[in-house]
Participant: 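Encoded as structure tokens, here's the structure I'll be asking about.
What's counted below: heavy atoms across the whole structure, side chains too, no hydrogens, waters or symmetry copies. All figures in this text were calculated on a predicted structure; none of them were measured in a lab.
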Amino acid sequence: MPANLFGKIEYLKGVGSARGEKYRKLGITTPYELIYHIPRAYLDYRCHVPVQQAVINEYNVLKLTIFRKMPPQRVRGGLVICKAAATDGIDDILIVVYNNVYGFHALKEGETYYMYGKVTGNFLRKEITSPVYISASEKVLIQPVYPLTQGLSANMVRTNMRQALDLMKESPFETLPEHILRKYDLCPLMYALENIHFPESDEAAEISRRRLAFDELLKLQIGMSMMKMRSRKNTAHKMDSSTDISDFTEGLPFELTDAQKNAVSEILSDLCREVPMNRLLQGDVGSGKTAVAAAACYFSVKNGVQAALMAPTEILASQHYKTLSEFLEPFGVKVCLLTGSLTAKKKAVMREKIASGEINVIVGTHAIIQKDVEYKSLGLVITDEQHRFGVAQRAALAEKGDSPHKLVMSATPIPRTLALIIYGDLDISAINQLPKGRIPVKTYAVTGKLRHRAFGFVRERLDEGRQAYVVCPMIEDSESDLLAVKSYAEKAAESDLKGYSIALLHGKMKAAEKEKVMKKFRDGEIQVLICTTVVEVGVDVPNAAVMVIENAERFGLSQLHQLRGRVGRGSWESTCILITDNTGEDCKKRMKIMSSTADGFRISEEDLKLRGPGDFFGSAQHGLPPLKIADIACNTELLSKAQNCARELLEDDPNLEKPQNGSLKMDTLRLFNKEIIG
């Protein structure tokens, strides 16, 4: 591999320190990383039209020769307008460029260009505004359109991309063995990289995209498999399969569902193996994952080891602490809550009890992985809503014990195809049925015209003694027309919810404030909680029987489903009202899905189809490399082939140490960051 390809991006001609910083904003630090900056679309300059046929107020491709450039004009506010007269040989048109003197100077009188831009004017006089252009002598007429940042133009990136590809051509390399290319019908890497940026044809671009998508999925699979193999070293906590926990399961105030029993059985079986458990417990909202986790904790404690559960927020950690205490303390298991908001004195006492082994089950936020927290014998590590933690945080908790068993819980139903990517290093248990007696939540989608009527329904429920959530997508007042939580609450208190006790809950509040509000809501002192998505996960108030979600179009289906899961947790019929004034077909389709099913797994499949994997978790960081090319929703067949290929390669060469696998290993390490695998 040529060293310069992996040197600083400034190695490329024309990339000084200033442009280098612009590239770094896009996550590009080397010419090689630039090569993997994939176009988001293409401009096809083959489809040019005469000026006479250009559609007014639409984007058109024109073939124009410049015959006169006018001096730049400076107008008020520092705006610079540049103009040039051009012709297609029959009709003339005016080229207008705003605030780009450098780009305008690059255009030469007498030269012919292909130009793409918005055409305005009328039948007699037309203008093309700030067009993107290439020289008519350019051989490649399908040109890439890249994600850009301020200060980086399309032409700059295309020029640097050509240099980076030429650099790679000096010492071309291939990451996959010849027999793999043949078996999976893949084009060579150099061909793929050349044609993803500067395709010879539509077909060449598609063949290239398939190869690069396969590579991306393959590297993810290999990386996850290597992580899985790393965790396969022997554990110090192999447990005794004859340990009986029937007193615990029979002592619960409810009977476990068959799905819960299966999950418990799979987990306990893992805990008795020589290698550490590495399992995902996936279940829909309210399916009873915490009861399953409690059974695993009890089994571990009976085997003489400690268990720890890490949650992403203090509200959720407090909820788990309350539930686990109720389940486990009647059986003599000591449970504690360790969070950042505890006083230094309380933390010190807690740390001492954890280190001595006096406390059996430790529940908390990332506070439980701090350096000063030591465990006597940590045998089971549970992380909840794992996609909210980075891989490094999950690893930090695991390192607190001697190769402890790991259980990951998620209330975000994930399509199996996506779960295999995101949790490829884990075995999967799914709880796909709700506890007996759980009444499905009725869901209705309405426009803002029916808001007053919807709140009439809310008032009826409040008068019956129930409580309600109102969810808004914003936190602070803003200039946008979206209803901001604070002003919304003030208006509601004076109109639709006048006379009822209302409180606010949002992400910018301090942890202690949030907990105080949630405690009052749980205790029934507050009737209506007006909040942001802070309530999305883990908040359990059985008396809350109605939820109104404003601007419902702002949320993904899975997020709406998570929010809806906060109601319907008691013995009363519950209702979720989605309010949106968006009349687009996509929004209508999504609201119809929400109103017609309560199956989180089906909803997640639909969400994946509608939004794609990139948006699946919103801004959450699940700690894995982002997919730049592969679309899991559309590439399930390719994913399956990549999984087979990964298995085949690793069976033959578990650590990819053979010479022919060197480039693939380097690429995988680079993708995952060396500390995760290496």
Participant: May I ask you to test the Y469-C576 pair for a side-chain heavy-atom distance under 4.5 Å?
Facilitator: no
Participant: With sequence neighbours excluded, tell me which residues meet side chain to side chain contact (heavy atoms under 4.5 Å, CB included) with K376.
Facilitator: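 K376 satisfies side chain to side chain contact (heavy atoms under 4.5 Å, CB included) with Q306 only.
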Participant: Does the side chain of K347 come within less than 4.5 Å of V373's, by heavy atoms?
Facilitator: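 Of all side-chain heavy-atom pairs linking K347 with V373, none is under 4.5 Å.
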Participant: Is the backbone N or O of E525 less than 3.5 Å from a side-chain atom of D523, with the two atoms forming a donor-acceptor pair by type?
Facilitator: no
Participant: At what distance, to the nearest 0.5 angstrom, does CG of L280 lie from CG of L407?
Facilitator: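 The CG atom of L280 sits 8.0 Å away from the CG atom of L407.
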Participant: Does Q527 reach the main-chain N or O of S501 with its side chain, forming a donor-acceptor pair under 3.5 Å?
Facilitator: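 Between the backbone of S501 and the side chain of Q527 there is a qualifying donor-acceptor contact (under 3.5 Å).
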Participant: Within the supplied structure, the quantity of interest is the number of heavy atoms (other residues, nucleotides, ligands) at a distance under 6.0 Å from K261 NZ; does it exceed 12?
Facilitator: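 Enclosed.
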Participant: Not counting sequence neighbours, list each pair that qualifies as a salt bridge (charged side-chain N to carboxylate O under 4.0 Å, His left out) and has a residue in residues 319-328.
Facilitator: K322-E326
Participant: Mind checking what makes ring pair (Phe, Tyr, Trp, His ring centres under 6.0 Å) contact with F331, not counting sequence neighbours?
Facilitator: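 Testing F331 for ring pair (Phe, Tyr, Trp, His ring centres under 6.0 Å), a comparison that skips the adjacent residues, returns F248, Y298.
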Participant: Would a distance-only check, ignoring hydrogens and angles, find a side-chain to backbone donor-acceptor pair under 3.5 Å from S269 to S265?
Facilitator: no
Participant: Mind checking what makes side chain to side chain donor-acceptor pair (under 3.5 Å) contact with T339, not counting sequence neighbours?
Facilitator: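 So T339 forms a side chain to side chain donor-acceptor pair (under 3.5 Å) with S341.
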Participant: Who passes salt bridge (Lys or Arg N to Asp or Glu O under 4.0 Å) against K516, sequence neighbours left out?
Facilitator: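 K516 satisfies salt bridge (Lys or Arg N to Asp or Glu O under 4.0 Å) with no residue once adjacent residues are dropped.
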Participant: Could you go through the side-chain contact (heavy atoms from CB on, under 4.5 Å) check for I549 and L563 one step at a time?
Facilitator: CA-CA 9 Å; I549 302 178; L563 289 165; 4.0 Å; yes
Participant: Would a 4.5 Å heavy-atom cut-off, applied to side chains only, mark S318 and L337 as touching?
Facilitator: yes
Participant: Mind checking whether M310 and T365 have side chains closer than 4.5 Å, heavy atoms only?
Facilitator: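 Not touching, per the 4.5 Å side-chain cut-off.
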Participant: Report the residues that fulfil salt bridge (Lys or Arg N to Asp or Glu O under 4.0 Å) with K346, sequence neighbours left out, ordered by chain and then residue number.
Facilitator: none
Participant: CG/L529 to CZ/F521 distance, rounded to the nearest 0.5 angstrom?
Facilitator: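 Here the interatomic distance stands at 5.0 Å.
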Participant: Going by side chain to side chain donor-acceptor pair (under 3.5 Å), name the residues that satisfy it together with E464, two or more places apart in sequence or in a different chain.
Facilitator: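 Partners of E464 by the side chain to side chain donor-acceptor pair (under 3.5 Å) criterion, ordered by chain and then number, come out as R461.
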Participant: Walk me through it: do V541 and M518 pass the test side-chain contact (heavy atoms from CB on, under 4.5 Å)?
Facilitator: CA-CA 9 Å; V541 182; M518 275 315 303; 4.2 Å; yes
Participant: As an exercise, state the distance from CG of L380 to CE of M239, rounded to the nearest 0.5 Å.
Facilitator: 6.0 Å
Participant: Taking the side chain as everything from C-beta on, heavy atoms only, tell me whether L560 gets closer than 4.5 Å to M591.
Facilitator: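 Counting from C-beta outward, L560 and M591 do come under 4.5 Å.
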Participant: Donor-acceptor pair, distance only, cut-off 3.5 Å: does the side chain of E550 make one with the backbone of I579?
Facilitator: no
Participant: Before you tell me yes or no, could you show the steps for V546 and V567 under side-chain contact (heavy atoms from CB on, under 4.5 Å), namely the whole-Å CA-CA distance, both residues' side-chain angles and the distance that decides it to 0.1 Å?
Facilitator: CA-CA 6 Å; V546 61; V567 294; 5.8 Å; no
Participant: So, N543 side chain and R466 main chain: donor-acceptor pair closer than 3.5 Å or not?
Facilitator: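 Between the backbone of R466 and the side chain of N543 there is no qualifying donor-acceptor contact (under 3.5 Å).
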Participant: Hey, are the side chains of L378 and V305 touching, using non-hydrogen atoms and a 4.5 Å cut-off?
Facilitator: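 Not touching, per the 4.5 Å side-chain cut-off.
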Participant: Drop me the distance from T323's OG1 to Q319's CD, to the nearest 0.5 angstrom.
Facilitator: 5.0 Å
Participant: Is V517 close to L504 at the side-chain level, that is, under 4.5 Å between some pair of heavy atoms?
Facilitator: no
Participant: To the closest 0.5 Å, what do you measure between NZ (K289) and CE (M409)?
Facilitator: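 If we round to the nearest 0.5 Å, K289:NZ and M409:CE are 7.0 Å apart.
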Participant: In this structure, are over 12 heavy atoms from other groups packed under 6.0 Å from E352 atom CD?
Facilitator: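 Incorrect, the count does not exceed 12.
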Participant: Strictly by modelled atom types, are T580 and E553 linked by a side-chain donor-acceptor pair under 3.5 Å?
Facilitator: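 Yes.
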Participant: Check whether E266 reaches the backbone of A263 with its side chain - one donor and one acceptor, N or O, closer than 3.5 Å.
Facilitator: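 Looks like no, no N/O pair under 3.5 Å.
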Participant: Taking all atoms of both residues into account, what is the closest heavy-atom pair of I354 and E374, and its distance?
Facilitator: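 Closest heavy-atom pair between I354 and E374: CG2-O, 3.3 Å.
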Participant: What residues form a salt bridge (Lys or Arg N to Asp or Glu O under 4.0 Å) with K219, not counting sequence neighbours?
Facilitator: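 With neighbours one apart ignored, the set is D667.
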Participant: Show, in sequence, the C-alpha distance, side-chain angles and deciding distance for V471 and M547, and conclude whether the side-chain contact (heavy atoms from CB on, under 4.5 Å) test is met.
Facilitator: CA-CA 7 Å; V471 182; M547 174 177 278; 4.0 Å; yes
Participant: Are the side chains of C297 and L328 in contact, using a 4.5 Å heavy-atom criterion?
Facilitator: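 Sidechains of C297 and L328: in contact.
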Participant: So, are E573 and K442 salt-bridged, with charged N and O less than 4.0 Å apart?
Facilitator: yes
Participant: Just jot down the side chain to side chain contact (heavy atoms under 4.5 Å, CB included) partners of F254, sequence neighbours excluded, or say none.
Facilitator: L252, L256, A291, F327
Participant: Cut-off 3.5 Å, side chains only: do H237 and N303 have a donor facing an acceptor?
Facilitator: no
Participant: List for me each residue that meets salt bridge (Lys or Arg N to Asp or Glu O under 4.0 Å) alongside D244, sequence neighbours excluded, and say none if there are none.
Facilitator: none
Participant: How would you list, by chain and number, every residue that makes a side chain to side chain donor-acceptor pair (under 3.5 Å) with T443, sequence neighbours excluded?
Facilitator: R564
Participant: List the residues meeting side chain to side chain donor-acceptor pair (under 3.5 Å) with R279, not counting sequence neighbours, and say none if there are none.
Facilitator: D270, S429
